[in-house]
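Below you'll find the structure, written out as structure tokens, and then a few comments.
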Amino acid sequence: HTKNSGRNGFSIYQPSMSPIGRSQVQLKNELWRAIHNNELRLFYQPKLNVTSGEIIGYEALVRWQHPERGLKTPDKFLPIAEQTGMILLLGEWVLNEACHQLAIWHQQGADHLSISVNLSAQQFEQKSLIYLVTRTLEEYRLAPKKLILEITETTAMRYPQESIKILEELKAIGVQVAIDDFGTGYSSLLYLQNMPATELKIDRAFINSIGHKDTDPQLLSMIIELAKNMNLNIVAEGVESEEQQTYLVNLGCDVHQGYYFSRPVPPSEITVVANKYPVRA
Ligand code: C2E
Ligand code: MG
Ligand code: MG
Ligand code: MG
């Protein structure tokens, strides 16, 4: 025992730490406790084909049900999780929980559904990612193609050559990959062409501009055309109005996610539809 080491051995206070550093250590410890005390939650937001009216999957979005401070959104704790490395543990929890939930929905008969899980850059670049994903899919007996891992355009383009290798490995095990927040980074289209992804999610900044007088319809339709030429599924994020929905459908994009259809909700508020494609006896 030294009076400097916390119970878990990592909450070591050093007088030289800056006030910011100290609160980071506190937050790191709090996050660690949150994970082990089961305070994290996943909310799910449907991904909908607005033309057929069918929900094709859900995106898992993490929340922290803090015992004193209430429900916290990721912007309040993901930056700290990333700075402290706690994101790896958090990310493992998210992947496991999301796959568990998908397995439950599949058991309820809705086996057409997919689940989208966000990966932070550190998780994406972690050596053990392929092993973790494989093991989790096996644990819940899920078809790999029902899992869609989302990485942001910025993450994908950080080390493009390495990203391509990781994406090849993910492709080899059969999971899908979405490029999230597309259009906000500055990716070289040449590199994007080499990224073996399966889906492109248009950042909600583009969707948000629909209907404003500075809308650039060329840009949106270019992105949609690009995705189609690359055989990528295209998803519009942050669709908030009927006007935006109609505009996107007219441009040929009919898979949407956004408040207009549904906010992210806890799984208790979701009823999946079984036997969507009934087979005649
Ligand atoms: P994202 O992956 O791009 O997720 C979409 C975000 O947009 C979500 O915010 C969602 O609630 C919000 N959103 C959806 N529809 C609308 C809309 O119509 N209007 C507006 N204004 N917002 C909409 P959320 O849940 O706060 O998550 C923010 C970001 O945090 C996510 O962006 C993702 O980058 C990250 N994140 C969330 N959960 C996880 C996770 O489990 N792991 C990791 N690594 N990152 C996560
Ligand atoms: Mg996402
Ligand atoms: Mg996004
Ligand atoms: Mg985002």
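All ligand and atom numbering here is 1-based and tracks the order in the structure.
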Checklist entry - Does an N or O from Glu82, backbone or side chain, lie closer than 3.5 Å to an N or O of ligand 1? => result no
Checklist entry - Is the shortest N/O to N/O distance between Glu237 and ligand 1 below 3.5 Å? => result yes
Item to check | Verify same cluster id: Met157, Met230 (apolar side-chain graph, 4.5 Å) | outcome: yes
Checklist entry - Between atom CG of Asn233 and atom CG of Leu200, what is the distance when rounded to the nearest 0.5 Å? => result 10.0 Å
Item to check | Gln123 side-chain N/O to Ser120 backbone N/O, donor-acceptor pair under 3.5 Å | outcome: yes
Checklist entry - Has Asp180 got an N/O/S atom less than 2.8 Å from the Mg ion (ligand 2)? => result yes
Checklist outcome for this item: Of all N, O or S atoms in Asp181, the one closest to the Mg ion (ligand 3) is OD1
Checklist entry - Just wondering, is there an N, O or S atom on Glu150 that's nearer than 2.8 Å to the Mg ion (ligand 3)? => result no
Checklist entry - Backbone or side chain, does any N or O of Asn118 fall under 3.5 Å from an N or O of ligand 1? => result yes
Next on the checklist: Using side-chain heavy atoms (C-beta onward) and a distance below 4.5 Å, is Phe182 in contact with Asp203?
Outcome noted: no
Checklist entry - Taking it one step at a time, do Ile55 and Leu113 satisfy side-chain contact (heavy atoms from CB on, under 4.5 Å)? => result CA-CA 8 Å; Ile55 290 174; Leu113 289 177; 4.1 Å; yes
Next on the checklist: Could you tell me, atom by atom, which parts of ligand 1 come under 4.0 Å of a heavy atom of Gln45?
Outcome noted: 14 (C), 15 (N)
Next on the checklist: Under a 4.0 angstrom heavy-atom cut-off, which atoms of ligand 1 come close to Ser120?
Outcome noted: 44 (N)
Checklist entry - At the 4.0 Å heavy-atom cut-off, does Glu59 count as touching ligand 1? => result yes
Checklist entry - Taking both backbone and side-chain atoms of Ile87, is any N or O found less than 3.5 Å from an N or O belonging to ligand 1? => result no
Item to check | Under 4.0 Å to a heavy atom of Pro264 - the qualifying atoms of ligand 1, by number | outcome: 11 (O)
Checklist entry - Under 3.5 Å between some N or O of ligand 1 and some N or O of Arg204? => result yes
Checklist entry - Do any nitrogen or oxygen atoms of Thr73 come within less than 3.5 Å of a nitrogen or oxygen of ligand 1? => result no
Checklist entry - Can you list the ligand 1 atoms lying under 4.0 Å from a non-hydrogen atom of Glu240? => result 17 (C), 18 (O), 19 (N), 20 (C), 21 (N)
Checklist entry - Where on Leu42 is there a heavy atom closer than 4.0 Å to ligand 1, on the side chain, on the backbone, on both, or on neither? => result neither
Checklist entry - Passes side-chain contact (heavy atoms from CB on, under 4.5 Å), Leu149 versus Phe124? Steps please. => result CA-CA 9 Å; Leu149 297 174; Phe124 179 64; over 6 Å; no
Next on the checklist: Taking 4.0 angstrom as the limit and counting only heavy atoms of Asp181, give me the atoms of ligand 1 inside it, by number and element.
Outcome noted: 3 (O)
Next on the checklist: Main chain of Thr155, side chain of Thr152: is a donor-acceptor contact present, judged purely on distance under 3.5 Å?
Outcome noted: yes
Next on the checklist: Distance under 4.0 Å to a non-hydrogen atom of Asp180: what atoms of ligand 1 satisfy this?
Outcome noted: 1 (P), 2 (O), 3 (O)
Please table the atom pairs, donor to acceptor, closer than 3.5 Å between any side-chain atom in residues 257-268 and protein atoms at least two apart or in another chain.
residue	atom	partner	partner atom	Å
Gln257	OE1	Lys201	NZ	2.7
Gln257	NE2	Gln45	OE1	2.9
Gln257	NE2	Glu59	OE1	2.8

Checklist outcome for this item: Checking heavy atoms under 4.0 Å, the part of Val94 that sits near ligand 1 is side chain
Checklist entry - Any idea how Tyr58 and Tyr44 line up, ring-wise: parallel (<30°), tilted (30 to 60°), or perpendicular (>60°)? => result perpendicular
Checklist entry - Is Arg63 in contact with ligand 1, taking contact as a heavy-atom separation below 4.0 Å? => result yes
Checklist entry - Do any N/O/S atoms of Asn118 come under 2.8 Å of the Mg ion (ligand 2)? => result yes
Next on the checklist: One pair to check against side-chain contact (heavy atoms from CB on, under 4.5 Å): Lys47 and Ile56. What are the steps and the verdict?
Outcome noted: CA-CA 6 Å; Lys47 207 165 87 180; Ile56 57 184; 4.1 Å; yes
Next on the checklist: With a 4.0 Å cut-off on heavy atoms, is Gly91 in contact with ligand 1?
Outcome noted: no
Next on the checklist: Check this for me, if you would: do Arg41 and Glu97 make a salt bridge, where the nitrogen-to-carboxylate-oxygen distance has to be below 4.0 angstrom?
Outcome noted: no
Checklist entry - Polar-atom distance check: Tyr259 versus ligand 1, any N or O pair below 3.5 Å? => result yes
Checklist entry - Tell me the side chain to side chain donor-acceptor pair (under 3.5 Å) pairs involving residues 69-85, sequence neighbours left out? => result Gln24-Gln83, Glu30-Arg69, His66-Arg69, Thr73-Asp75
Item to check | Test log, rule side-chain contact (heavy atoms from CB on, under 4.5 Å), inputs Ile148 and Val175 | outcome: CA-CA 6 Å; Ile148 306 173; Val175 299; over 6 Å; no
Checklist entry - So, Glu59 and the Mg ion (ligand 2): N/O/S under 2.8 Å, yes or no? => result yes
Checklist entry - So, the side chain of His112 versus the backbone of Gly109: is there a donor-acceptor pair under 3.5 Å, distance only? => result no
